[in-house]
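Quick notes on the structure that follows.
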Amino acid sequence: MKKIEAIIRKSEFDKTKAALHSIGVTFFSYWDVTGVGNEKVGHVYRGVSYSTADIQRRYLSIVVTDSFMDKTIETLMDAAYTGSVGDGKIFVSTIDEAYRIRTKEKGSESLK
C-alpha cells in the first residue's frame with residue numbers, strides 16, 4: 001500500500017476531489033495548511049503591499065493499493081494543474097499495514 005500526500009491550491013480542491021471520486025478514491029483526509037514556497041512576488045492593493053510568501057494550500061492524505069498508485073497520482077497531477085508557480089507537490093511513501101477498526105480487516109481489504 002502507498003500513502004500519497006498532495007499539497008495543492010485551495011482553488012483546485014473541488015475539481016481534484018471530483019476527479020478522485022470519479023476514479024474510485026472514495027475516502028481521503030484533507031486539511032488547510034500554510035506554507036512557504038518559491039513564489040517571491042508581493043501584491044499591492046490600494047497602496048498596501050501584501051506578502052505572498054505565506055501560501056494557503058490544501059493538504060490531502062490518500063492511502064491506496066500499490067496497483068492503484070499510478071492512476072491516483074496521474075489524476076492528482078491532471079486535476080490540480082494550472083501551469084503556474086505554486087501548483088503544489090506530491091509525496092509517496094510506503095504503508096506497512098492498515099486496519100479497519102469496525103470489521104478488524106487488515107491490509108488492502110481495509111481500504112475498500
Are Y59 and Y30 close enough that their ring centers fall under 6.0 Å?
-> no
Could you tell me which non-hydrogen atom of [X] sits nearest to which non-hydrogen atom of [Y], and how far apart they are?
{"X": "S93", "Y": "E5", "value": "OG-OE1, 4.5 Å"}
{"X": "F68", "Y": "I23", "value": "CZ-O, 3.1 Å"}
{"X": "L60", "Y": "L76", "value": "CD2-CD2, 4.3 Å"}

Compile the donor-acceptor pairs under 3.5 Å between side chains in residues 95-102 and protein atoms, sequence neighbours left out, one pair per line.
residue : atom : partner : partner atom : Å
E97     : OE2  : G107    : N            : 2.9
R100    : NE   : E105    : OE1          : 3.0
R100    : NH2  : S110    : O            : 3.0
R100    : NH2  : K112    : O            : 2.1

Using a 4.5 Å cut-off on heavy atoms from C-beta on, say whether the side chain of F91 contacts that of I4.
-> no
Is there a side-chain contact between R58 and I7, using heavy atoms and a 4.5 Å cut-off?
-> no
Heavy-atom count around M77 CE within 6.0 Å, excluding the residue itself: above 12?
->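 Incorrect, the count does not exceed 12.
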Are there more than 12 heavy atoms of other residues, nucleotides or ligands under 6.0 Å from atom NZ of K10?
-> yes
Treat each ILVMFWY residue as a node, draw an edge where side-chain heavy atoms are under 4.5 Å apart, and state whether V92 and M1 are in one component.
->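 Each belongs to a different hydrophobic cluster.
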Could you list the residues that satisfy side-chain hydrogen bond (donor to acceptor under 3.5 Å, both in side chains) with T94, not counting sequence neighbours?
-> K2
Please answer whether the main-chain N or O of Y81 pairs with a side-chain N or O of D87 as donor and acceptor at a distance below 3.5 Å.
->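 No: the side chain of D87 does not pair with the backbone of Y81.
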Polar side-chain atom of K3 near backbone of V63 as donor-acceptor pair, under 3.5 Å | no
Flag the pair K71 and E74 as a salt bridge only when some basic side-chain nitrogen lies within less than 4.0 angstrom of an acidic carboxylate oxygen.
-> no
Check V33, D32, T34 against R57 for a side chain to side chain contact (heavy atoms under 4.5 Å, CB included) and give me the one that passes.
->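 With R57 as partner, side chain to side chain contact (heavy atoms under 4.5 Å, CB included) holds for just one option, V33.
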Hey, could you give me the CG/CD1 distance between L111 and I62, rounded to the nearest 0.5 Å?
-> 12.0 Å
